[in-house]
Amino acid sequence: MKPDVAQAMQLVRALRYQLQEMAAQLAQVERQDVTAMRKRRASAVRSHAAALRRDITEAQALIDQLQRRYLSSDERAHQHPGGRQR
């Protein structure tokens, strides 16, 4: 396997992990009742949620780009489900 493909696979794995963490954090933030908060706190919670959404979108776009560029269907066909080469 080429070093750039192996590096892309590692980066995709790391990005997916971060994506899961951010999605869980966003779910937790979205469960908060901002109507019961003071304006300043509610504004901070909304800003945090918006930043998480932007980061999630960016992570998804990076994963898509890496997969298109380095992990074409030909490369993925030579991998085990765990991401290891046969």
Side-chain angles (χ1 to χ4, degrees):
M1 177 181 313
K2 295 179 183 178
D4 55 341
V5 172
Q7 188 175 18
M9 287 172 54
Q10 290 286 13
L11 186 52
V12 166
R13 250 184 246 120
L15 284 167
R16 284 184 178 148
Y17 176 79
Q18 283 300 117
L19 195 57
Q20 289 174 342
E21 293 291 314
M22 289 185 293
Q25 192 175 6
L26 179 60
Q28 183 180 3
V29 168
E30 288 178 334
R31 282 192 296 269
Q32 295 180 20
D33 183 13
V34 293
T35 59
M37 295 179 189
R38 294 185 177 175
K39 279 187 174 184
R40 189 172 183 163
R41 173 77 178 130
S43 178
V45 169
R46 286 187 197 104
S47 293
H48 184 59
L52 283 167
R53 284 187 203 96
R54 282 191 302 271
D55 290 346
I56 287 169
T57 300
E58 184 176 351
Q60 289 170 330
L62 288 170
I63 289 168
D64 290 345
Q65 290 171 6
L66 286 164
Q67 287 180 329
R68 278 194 307 273
R69 184 167 182 178
Y70 296 102
L71 307 175
S72 66
S73 59
D74 294 341
E75 290 292 336
R76 281 184 248 151
H78 293 81
Q79 299 173 25
H80 286 286
R84 294 187 199 122
Q85 184 178 0
R86 287 184 190 172

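Atoms considered below: every heavy atom in the structure, side chains included; atoms not considered: hydrogens, waters and symmetry mates.
- R31 contributes atom CZ, which lies 9.5 Å from atom CG of L26 (distance to the nearest 0.5 angstrom).
- Between the side chain of T57 and the backbone N or O of R53 there is at least one donor-acceptor pair closer than 3.5 Å.
- Looking only at side-chain heavy atoms (C-beta outward), Q25 and E21 stay at 4.5 Å or farther from each other.
- Put simply, the side chain of H48 does not reach to within 4.5 Å of the side chain of Q32, judged on heavy atoms.
- Both M37 and V29 are members of a single hydrophobic cluster when ILVMFWY side chains are connected at heavy-atom separations under 4.5 Å.
- Note that CG of D33 and CD of E30 are 13.5 Å apart. Values are rounded to the nearest 0.5 Å.
- Distance check, rounded to the nearest 0.5 Å: CD of E58 to CD1 of I63 gives 11.0 Å.
- Residues satisfying the salt bridge (charged side-chain N to carboxylate O under 4.0 Å, His left out) test with R46, not counting sequence neighbours, are none.
- Atom CD of Q7 has 12 or fewer neighbouring heavy atoms from other residues, nucleotides or ligands inside a 6.0 Å radius.
- Side-chain contact of R68 with Q65: a donor-acceptor pair under 3.5 Å is absent, judged by distance alone.
- Atoms NZ and OH, from K2 and Y70 in turn, are 10.5 Å apart once rounded to the nearest 0.5 Å.
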For L71 and L66: C-alpha separation, side-chain torsions, deciding distance, then whether side-chain contact (heavy atoms from CB on, under 4.5 Å) applies.
CA-CA 7 Å; L71 307 175; L66 286 164; 5.6 Å; no
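- Of the candidates V5, L11, V12, V5 is the only one forming a side-chain contact (heavy atoms from CB on, under 4.5 Å) with M9.
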